[in-house]
Amino acid sequence: MSKDGSLGYLTTRLDAVIDWGRKNSMWPLPYGTSCCGIEMMATLAADYDMARFGAEAIRFSPRQADLLIVAGIINLKMAPILKTVYDQMAEPKFVISMGACASSGGIFNVYSVLQGIDTMIPVDIYVPGCPPSPEGLMHAVLKLQDKVARHDTHAHRRIAAAAGKLIANPQRTQGA
Amino acid sequence: MDIRKPIPTNGGDWNTKFGETWKAQTAKLRDKFAGAIEEIRMPVEYPTDVPVIYVKKDQIIDVLGFLKSEAGFEYNFLSDITATDEEADPRFEVVYNLLSHTLKCRIRLKVRVKDGEEVPTACALWTAANWQERETFDMFGIKFKGHPDLRRILMDERWVGHPLRKDYPLRGYQVFTEPMAAKPELLD
């Protein structure tokens with residue numbers, strides 16, 4: 001739109017405009033299993049207000065969500081359930097591993113605890129902390145938006161691989 | 001300090017409050033179940049907070065039933081059933097923690113069992129014993145004779161071994177990627 005209010009033109013690539021929409025309207029599925037879940041609720045609530053980044057529509061059905069926030073410890077009895085929930089989400093789907101337990105098992109290096117959800121499902125963003133502060137989760141969402149904008153997520157690579165294409169990773173090609 | 005040796009103590013607040021009650025109760029138990037009781041450990045003589053009564057395996061239900069209903073005892077509430085792996089012979093001790101709502105005091109019963117031996121179930125006395133015995137079975141592999149539904153309660157049903165046994169490795173992960181199909185008889 002021009003400054004005088006008349007309609008102008010904007011040329012862009014279709015996948016870029018689709019990803020722009022995706023990154024600004026992520027619908028999270030909250031998988032809160034322990035204290036990280038409380039911090040996630042704080043992030044979603046009015047003080048921190050994740051709606052500012054378009055991620056306020058919490059969906060408790062994996063069919064309607066595209067962002068899985070694993071917030072808390074995943075023990076081995078729950079691991080197959082997490083895998084099922086992830087499998088039920090429609091592509092493109094993104095995963096944030098929130099906190100030490102979800103990322104690595106945390107302090108619970110024992111027989112009953114999954115040592116990191118990335119042994120089960122691909123993870124796009126890890127949030128360090130025990131639990132991470134709401135700012136940490138917000139930072140993760142913003143980082144994920146950056147990754148979506150440059151087509152650099154597991155979901156993009158899966159879709160490209162299914163179409164027989166390779167996606168260049170902008171960060172890697174820049175040699176930074 | 002060897003924690004197994006008796007240490008000088010007054011037994012704590014509970015012993016001040018309930019010491020006399022416990023003495024009367026254990027004396028009565030000794031009379032009534034002379035053959036069934038192996039050993040009684042009282043708070044001042046042993047480093048324990050409540051009396052620990054070692055009972056023979058076959059008479060444990062009789063003793064529990066007596067403690068539950070007899071006047072002067074009335075341990076009507078089953079706090080917990082658990083076990084310990086002593087790495088000795090016999091290997092396990094099954095622990096019954098009881099609470100009396102009338103007298104407001106607690107007592108502890110223990111049964112020594114060998115690996116593979118069965119303990120009679122307490123489900124007929126307390127409905128709560130059902131899940132507690134399932135947990136004891138799940139964690140230690142101790143079987144309870146006459147239990148209506150002795151399945152694992154905490155670990156996955158495909159799990160091999162019993163994780164709270166001392167010979168189970170601390171990091172003995174068993175990862176299952178596929179969930180189990182729900183059993184139809186459990187869905188109603």
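To find a chain, count down the sequence lines: A is the first, B the second, and so on, and within it residues start at 1.
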Peer 1: For residues 143-155 of chain B, which residue pairs qualify under side-chain hydrogen bond (donor to acceptor under 3.5 Å, both in side chains), counting only residues two or more places apart or in two chains?
Peer 2: B:N130-B:H147, B:D138-B:R152, B:D149-B:R151, B:R151-B:E157
Peer 1: Indicate the atoms forming the closest heavy-atom contact of B:T82 with B:T136, along with that distance.
Peer 2: CA-OG1, 3.9 Å
Peer 1: Just so I understand: if I count every heavy-atom pair under 4.5 Å between each of A:N109, A:T84, A:V110 and chain B, which residue has the most?
Peer 2: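 Sorted descending by pairs with chain B, the first entry is A:N109.
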Peer 1: Could you look at B:M180 and say if it's the side chain, the backbone, both or neither that has a heavy atom under 4.5 Å from chain A?
Peer 2: neither
Peer 1: What parts of residues 24-38 of chain A touch chain B if we use heavy atoms and a cut-off under 4.5 Å?
Peer 2: none
Peer 1: Should A:R22 and A:D66 count as an ion pair when the cut-off is N to O under 4.0 Å?
Peer 2: no
Peer 1: Starting from the C-alpha separation in whole Å, work towards a yes-or-no answer on side chain to side chain contact (heavy atoms under 4.5 Å, CB included) for B:V175 and A:T119.
Peer 2: CA-CA 10 Å; B:V175 184; A:T119 58; over 6 Å; no
Peer 1: Does the structure place the NZ or CZ of B:R171 under 6.0 Å from the centre of the six-membered ring of A:Y111, at an angle of no more than 45° from the ring's axis?
Peer 2: no
Peer 1: Which bit of A:L114 comes within less than 4.5 Å of chain B, counting heavy atoms only: side chain, backbone, both or neither?
Peer 2: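 It is the side chain, since no backbone atom gets that close.
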Peer 1: Are the aromatic rings of B:H162 and B:F140 close, with centres under 6.0 Å apart?
Peer 2: no
Peer 1: Examine B:F73 together with B:F66 and report whether their ring centres are nearer than 6.0 Å.
Peer 2: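 Between B:F73 and B:F66, the centre distance is under 6.0 Å.
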